[in-house]
**Q** 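This is the structure, below, for whatever I ask next.
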Amino acid sequence: MNKLIATFNDLEEVKRIHQLENYIDKNTILKEKIEALKSKQKQMINAKEYNQVNQYSVYKKEYEEIYNEIIDFPFVEEYLELLDIVNDELKAIKDIIEIKINKR
C-alpha cells in the first residue's frame, strides 16, 4: 500500500497539483474569492432546501460570477484540469483494487 501511495505521489500531475496548491495558499486575493465562493455555495444550498427559488437564482448568479473571476487566474484552470486527471486515475486504481478483492 505504501508503495502505491509513493508511486501515486511521484506522478507529475500530483507534483504539479502540490505546486499550484502552494501558490493558491499564498495568494490572498484568490483565497478570499474561494472563501466567497464556498459561502455563496452554502447560501445556494440553504435557499434550495427552503424552496426560496428567487433567492437561489440570485445566489447562483453571484456564485457563477465569483467562479468566473477565480477561473480567470491562469493557473486555476490548469489546477482544475489536473484534479480531474488525478481523480480519474484514482478511480481507475480503486476499480482495479475492487476487482482484485472481489476475485478472492
Side-chain angles (χ1 to χ4, degrees):
M1 185 64 128
N2 289 337
K3 186 176 180 179
L4 179 61
I5 293 169
T7 301
F8 188 76
N9 284 330
D10 282 340
L11 294 173
E12 289 302 316
E13 294 89 353
V14 173
K15 289 179 183 178
R16 181 66 178 149
I17 285 172
H18 290 300
Q19 290 173 340
L20 293 171
E21 284 174 342
N22 286 332
Y23 184 75
I24 290 168
D25 287 342
K26 293 177 183 172
N27 188 316
T28 55
I29 295 170
L30 183 56
K31 280 183 79 169
E32 288 173 7
K33 290 189 183 295
I34 291 170
E35 289 304 315
L37 188 72
K38 289 178 184 177
S39 174
K40 201 56 63 181
Q41 189 174 36
K42 288 177 187 176
Q43 291 173 324
M44 287 171 53
I45 291 168
N46 286 334
K48 191 172 189 176
E49 187 171 317
Y50 293 108
N51 293 320
Q52 300 171 332
V53 178
N54 292 336
Q55 196 60 45
Y56 175 82
S57 297
V58 170
Y59 291 147
K60 184 175 181 182
K61 184 177 186 238
E62 292 171 352
Y63 175 91
E64 289 170 355
E65 290 171 1
I66 297 168
Y67 179 83
N68 289 330
E69 290 174 11
I70 290 171
I71 290 297
D72 282 344
F73 284 82
F75 56 88
V76 172
E77 193 167 352
E78 176 189 2
Y79 176 74
L80 294 175
E81 288 172 5
L82 287 171
L83 283 178
D84 283 342
I85 291 168
V86 169
N87 284 334
D88 288 345
E89 290 176 11
L90 280 173
K91 186 181 179 308
I93 292 169
K94 179 186 88 67
D95 292 345
I96 291 168
I97 292 170
E98 283 180 355
I99 289 169
K100 292 197 181 236
I101 288 173
N102 288 335
K103 280 185 178 180
R104 293 183 183 180

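Counting begins at 1 with the first residue of the sequence.
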**Q** Where do Val86 and Leu11 land on the side-chain contact (heavy atoms from CB on, under 4.5 Å) test, with the steps shown first?
**A** CA-CA 9 Å; Val86 169; Leu11 294 173; 5.8 Å; no
**Q** Give, for atom NZ of Lys40 and atom NZ of Lys42, the distance between the pair rounded to the nearest 0.5 Å.
**A**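 The distance works out to 12.5 Å.
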**Q** Could you check whether any side-chain heavy atom of Ile24 comes within less than 4.5 Å of a side-chain heavy atom of Phe75, counting everything from C-beta outward?
**A**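 In short, these two side chains touch, coming nearer than 4.5 Å.
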**Q** Check this for me, if you would: do Glu35 and Lys31 make a salt bridge, where the nitrogen-to-carboxylate-oxygen distance has to be below 4.0 angstrom?
**A**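 No salt bridge links Glu35 with Lys31.
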**Q** Are any non-hydrogen side-chain atoms of Tyr50 and Gln55 less than 4.5 angstrom apart?
**A**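 A side-chain contact is absent here, since even the closest heavy-atom pair is not under 4.5 Å.
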**Q** Under 4.5 Å between side-chain heavy atoms, counting indirect links through other Ile/Leu/Val/Met/Phe/Trp/Tyr residues: same cluster for Ile5 and Leu90 or not?
**A**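 Yes, one cluster joins them.
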**Q** For the residue pair Gln41 and Lys38, confirm or rule out a side-chain donor-acceptor distance under 3.5 Å.
**A**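 No, no side-chain donor-acceptor pair sits under 3.5 Å.
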**Q** Nearest 0.5 Å, what's the CZ-CD distance between Arg16 and Glu81?
**A**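 It comes to 11.5 Å.
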**Q** Testing Asp95, Asp88, Asn87 for side-chain hydrogen bond (donor to acceptor under 3.5 Å, both in side chains) with Lys91, which one passes?
**A**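 By the side-chain hydrogen bond (donor to acceptor under 3.5 Å, both in side chains) criterion, Lys91 pairs with just one of Asp95, Asp88, Asn87: Asp95.
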**Q** Quick one: CD1 on Ile17 to CG on Leu80, what's the gap to the nearest 0.5 Å?
**A**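 Here the interatomic distance stands at 9.5 Å.
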**Q** About how many Å separate CD1 of Ile101 and CD1 of Ile96, when rounded to the nearest 0.5 Å?
**A**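 Reported value, rounded in 0.5 Å steps: 12.0 Å.
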**Q** Same cluster for Leu4 and Phe8 if Ile/Leu/Val/Met/Phe/Trp/Tyr side chains link at under 4.5 Å?
**A**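 Yes, Leu4 and Phe8 fall within the same hydrophobic cluster.
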**Q** Is Ile29 reachable from Val76 through a run of I, L, V, M, F, W or Y residues, each pair having side-chain heavy atoms under 4.5 Å apart?
**A**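 Yes, because Val76 and Ile29 connect within a single hydrophobic cluster, where side-chain heavy atoms sit under 4.5 Å apart.
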**Q** Hey, could you give me the CD/NZ distance between Gln43 and Lys60, rounded to the nearest 0.5 Å?
**A**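 It comes to 15.5 Å.
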**Q** Would you indicate whether the side-chain heavy atoms of Lys48 and Met44 approach each other to under 4.5 Å?
**A**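 No. Closest side-chain heavy atoms not under 4.5 Å.
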**Q** Treating Ile, Leu, Val, Met, Phe, Trp and Tyr as nodes and any side-chain heavy-atom pair under 4.5 angstrom as an edge, say whether Val58 and Val53 lie in one connected cluster.
**A**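 No, Val58 does not connect to Val53 through the hydrophobic network.
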**Q** State whether the number of non-hydrogen atoms from other residues, nucleotides or ligands found under 6.0 Å of Lys3 atom NZ is greater than 12.
**A**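 For Lys3, atom NZ is not crowded (no more than 12 foreign heavy atoms under 6.0 Å).
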**Q** First locate atom CG of Asn27, then atom CD of Glu32, and finally report the distance between them rounded to the nearest 0.5 Å.
**A**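 If I round to the nearest 0.5 Å, the distance is 9.0 Å.
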**Q** Give a yes or no on this: more than 12 heavy atoms of other residues, nucleotides or ligands lie within 6.0 Å of atom CD of Glu89.
**A**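 More than 12 heavy atoms, drawn from other residues, nucleotides or ligands, come within 6.0 Å of this atom.
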**Q** Taking a hydrophobic cluster as the set of Ile, Leu, Val, Met, Phe, Trp and Tyr residues connected by side-chain heavy atoms closer than 4.5 Å, whether directly or through intermediates, do Leu37 and Ile45 fall within one such cluster?
**A**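 Different clusters: Leu37 never reaches Ile45 through Ile, Leu, Val, Met, Phe, Trp or Tyr contacts under 4.5 Å.
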